[in-house]
A.B. asks: 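Starting off with a structure, shown below.
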2 protein chains.
Amino acid sequence: MPEPRPPADGPPTLRDVAERVGVSAMTASRALRDDSRVLPATRERIRAAAAELGYRPNEVARSLRLGRGTGLVGLVVTNLANPFYSRLALGVDSVIVDDGFKTVIGNTGQDLDSERELVADLVARRVDGIIAVPASADQRHLAAAAADGVPVVLASRPPEGFDADCVLVDDFGGALAATARLITRGHRRIGFLGSPPAVYTGTERLRGYAAALAAHGLPYDERYVRQGQTEPREARRAAAELLALPEPPSALFCSNNRNTIGAFRALRASGTDTALAGFDDFELADALGLPITLVAYDSDELGRVAGRLLADRMRGRGSDSGKKPEPGPARRIVTRTSLVEYGS
Amino acid sequence: MPEPRPPADGPPTLRDVAERVGVSAMTASRALRDDSRVLPATRERIRAAAAELGYRPNEVARSLRLGRGTGLVGLVVTNLANPFYSRLALGVDSVIVDDGFKTVIGNTGQDLDSERELVADLVARRVDGIIAVPASADQRHLAAAAADGVPVVLASRPPEGFDADCVLVDDFGGALAATARLITRGHRRIGFLGSPPAVYTGTERLRGYAAALAAHGLPYDERYVRQGQTEPREARRAAAELLALPEPPSALFCSNNRNTIGAFRALRASGTDTALAGFDDFELADALGLPITLVAYDSDELGRVAGRLLADRMRGRGSDSGKKPEPGPARRIVTRTSLVEYGS
DNA sequence: CTGTTAGCGCCTTCAC
DNA sequence: GTGAAGGCGCTAACAG
């Protein structure tokens, strides 16, 4: 039984393999990459030695030498604990892995400074592309990355101040449809619960809500609108406040699942039969024991589309062509939403 | 308005900065890293030039030259869509980011081949450490990584066939406690629903369930044990089968949240008042309208502990010392669980 | 204080 | 079919 491993002062290098066979590093390199001009006999000996040593080419040296990126895709999200983003991440990964890329996930916690630092760092690490869910409309760091030649794709929020591919949910349309359904069921006073105004999706969904009211000739009443809740706890309080108004709303529309869950708890506690609708489907929504209308969409698919958009831009980089991204106008893809009814 | 960027044939290099100032690359390198032995005046000119060019050191070249790793930590999980793993990932990230590391997440989908490939690739990319939730007891690829000098920490499953730090949940104790509670409430026939036998946690939790039965002099009856369900849909069917037995169990214990949710749906559909207990807390467990006992634990904390264990091993690497991991015996940390009661 | 040399691990180019 | 140089971008180590 031969010594299975070198004494672990770092993984074996190409030269370790070469020396073991009594051949030059160059030949080893070629043999391991199936270069035809190498004697089949020596090739086998080299492969055997590499296997024994557990040799793997150093990807760091490789990408430096090849002048390409690292085969990594940076994914910048605001909160990985939110199932929406973990599904997105999985969708991205499932697509780009086919092209030999891996995903580096960075979590920003909605903090713009973290996001800036993270993006700069990803560029410095020579990722081949970036998929980002930007925290705000200040996207100069993303624009800078794009200017450095790193393809950038935005997910769930559109680019601001520069051009980039993006994949969006039909926030406006989905919110409009859900609100409209409440209206056609006879509701006239509909409350709105949503994320802070700075969040793009929240604002679009508020616009959809408002548009539905307008389309049916109903007034937009600020007293029924509560923005700024990020957690169910806050949403629950905000919902309770609406329910305590002299003329409480007979229905609530929530712009994301955090708010929907908070509102659900408030409704349960109040005992009223206020109707509930919200953006985002979520597990167990059907098991809550009260009717609920949700705007559903496929966040895996969102990730897959983002991954494909990026993969397109990354193709053909590095061979020659000064490793610029594939040219072409920025694309904007909007994914559909659907209404689902639970517990009716 | 000066040209804000070079013509984007790749980011600017150190020499671009140096030439622009009329100084050697070495001086520029020093200036940008706050090396004291450089004239403050020139240092400022260099910094200015770097800023103008948007220069960022190439981390790829850097890590090659320094002989260290890349400042990346590889995180290998089986299913990022499971909140357990996304929380784990966040916990890991929150800790190691303080030491200047970033997280590369790889998803294996419980597939051993993917896991092998992923681990080998992470090593080839010269990550500074790996945190893994291994899919099975075949962990030779992880042992190989450790032998190559890459610190490895296991989360949620113990090392098999080699030595490594690990952080575990008290699977046995938690399952025992939950099952015992059902027994003290008078249940004598308790069904078990769990993941495939190959999954370590599932097996430990089954052991805990069996131990509770034994401790109370109750028989272990295979007809009441259903292993192999991964998704709520399958779990629901398995639970329905148990409920349809001639002598159905009066309570069910489920070894993870997928099975608990499936069992919940089966119970709801059947209309029986079968008691329900399960491993893993989950959102909305309190809103399901029936009493439920859950074994709760903190998966963020699990990630943080794993991150700290790894950070310890990575410290001091690369300076000299042949970049071996910090020595010391393998540590095994078991995190506590607690029982929570909902909807009583 | 600043510059020159050399090399991390690999691969393209050009010799033999 | 194989090997010897040279360099990707950066920085220790040693000059000056």
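Computed from heavy atoms alone, side chains included, the values below leave out hydrogens, waters and symmetry copies. Within every chain, numbering begins at 1; the chains are lettered A, B, ... in the order of the sequence lines, protein sequences first and strands thereafter.
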A.B. asks: Do B:R313 and B:D165 sit within salt-bridge range, that is, some charged N less than 4.0 Å from a carboxylate O?
C.D. replies: yes
A.B. asks: How close or far is atom C1' of D:dA12 from atom CZ of B:R68, stated in whole angstroms?
C.D. replies: 13 Å
A.B. asks: Would you say C:dG3 has OP1 or OP2 under 4.0 Å from some side-chain N or O of B:T27?
C.D. replies: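 Affirmative; the distance criterion is met.
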A.B. asks: Taking for each residue the nucleotide of DNA chain C bearing the nearest heavy atom, is the 5' side occupied by B:S24 or by B:R65?
C.D. replies: B:S24
A.B. asks: Rounded to whole angstroms, how far apart are CD on A:E59 and C1' on D:dC8?
C.D. replies: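 Whole-Å distance recorded here is 15 Å.
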A.B. asks: Taking any heavy-atom pair under 4.0 Å as a contact, classify B:T42: base, sugar-phosphate, or nothing.
C.D. replies: sugar-phosphate
A.B. asks: Measure CG/B:L32 against C1'/D:dC10 and give the value in whole Å, please.
C.D. replies: 12 Å
A.B. asks: At 10 degrees resolution, what angle do the end axes of the helix from C:dC1-D:dG16 to C:dC16-D:dG1 form when each is taken over five base pairs?
C.D. replies: 50°
A.B. asks: Look at all strands and tell whether B:L39 reaches a base, only sugar-phosphate, or nothing, counting heavy atoms closer than 4.0 Å.
C.D. replies: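 Contact class for B:L39: sugar-phosphate only.
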A.B. asks: Can you tell which of C:dG3, D:dG9, C:dC10 lies closest to the side chain of B:T13?
C.D. replies: D:dG9
A.B. asks: What is the distance from CG of B:D16 to P of D:dC10, rounded to the nearest Å?
C.D. replies: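 Rounded to the whole Å, the gap is 9 Å.
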A.B. asks: Any salt bridge between B:R125 and B:D121, counting N to O under 4.0 Å?
C.D. replies: yes
A.B. asks: Please determine whether a side-chain nitrogen of the Lys or Arg among A:D138 and A:R116 lies less than 4.0 Å from a carboxylate oxygen of the Asp or Glu.
C.D. replies: yes
A.B. asks: At under 4.0 Å, does any side-chain N or O of A:Y55 touch on OP1 or OP2 of C:dG9?
C.D. replies: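 Looking at the OP1 and OP2 atoms of C:dG9, neither is under 4.0 Å from any side-chain N or O of A:Y55.
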A.B. asks: Quick one: A:R15 CZ to C:dC11 P, roughly how many Å, whole number?
C.D. replies: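 About 15 Å, once rounded to whole Å.
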A.B. asks: Answer yes or no: side-chain N or O of B:R30 and base N or O of C:dG3 forming a donor-acceptor pair under 3.5 Å.
C.D. replies: yes
A.B. asks: Got more than 12 heavy atoms from elsewhere within 6.0 Å of CZ, A:R331?
C.D. replies: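 Correct, the count exceeds 12.
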A.B. asks: Can you tell me the distance, in whole Å, between the CG atom of B:L66 and the P atom of D:dT11?
C.D. replies: 7 Å
A.B. asks: Whole angstroms only, please: what is the CE-C1' distance between A:M26 and C:dC14?
C.D. replies: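 To the nearest whole Å, that distance equals 12 Å.
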A.B. asks: May I have the distance from A:D35 (atom CG) to C:dT13 (atom C1'), rounded to whole angstrom?
C.D. replies: 13 Å
A.B. asks: Looking across every strand, which nucleic acid part, if any, lies under 4.0 Å from A:L14 by heavy atom: base, sugar-phosphate, or nothing?
C.D. replies: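 If one applies the 4.0 Å heavy-atom cut-off, A:L14 turns out to touch the sugar-phosphate alone, with no base involved.
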A.B. asks: Kindly say if A:S29 contacts the phosphate of C:dC10, meaning a side-chain N or O under 4.0 Å from OP1 or OP2.
C.D. replies: no
A.B. asks: Please confirm whether the backbone N or O of B:T27 pairs with a side-chain atom of B:S24, one donor and one acceptor, at under 3.5 Å?
C.D. replies: yes
A.B. asks: Identify whether the distance between the nearest side-chain nitrogen and carboxylate oxygen of A:D35 and A:R43 falls below 4.0 Å.
C.D. replies: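 Judged by the 4.0 Å cut-off on N to carboxylate O distance, A:D35 and A:R43 do not form a salt bridge.
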A.B. asks: Could you check whether B:V60 gets within reach of a base, just the sugar-phosphate, or nothing at all, counting any heavy atom under 4.0 Å?
C.D. replies: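 B:V60: no heavy atom of the nucleic acid under 4.0 Å.
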A.B. asks: Of all the heavy-atom pairs spanning B:V92 and B:L75, show the shortest one and how long it is.
C.D. replies: CG2-CD1, 4.4 Å
A.B. asks: For B:V38 and for A:L64, find the nucleotide of DNA chain C with the closest heavy atom, then tell me which residue's nucleotide is more 5'.
C.D. replies: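 Its nucleotide being nearer the 5' end, the pick is B:V38.
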A.B. asks: Please confirm whether the shortest side-chain N or O distance from B:R62 to OP1 or OP2 of D:dG9 is below 4.0 Å.
C.D. replies: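 Checking B:R62 against D:dG9: no side-chain N or O falls below 4.0 Å of OP1 or OP2.
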A.B. asks: If you only use heavy atoms from C-beta on, which nucleotide in D:dA12, C:dC11, C:dC10 is closest to the side chain of A:N58?
C.D. replies: C:dC10
A.B. asks: Going by side chain to side chain contact (heavy atoms under 4.5 Å, CB included), B:Q110 matches just one of B:T78, B:V133, B:V77. Which one?
C.D. replies: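 For B:Q110, the side chain to side chain contact (heavy atoms under 4.5 Å, CB included) test succeeds with only one of B:T78, B:V133, B:V77, which is B:T78.
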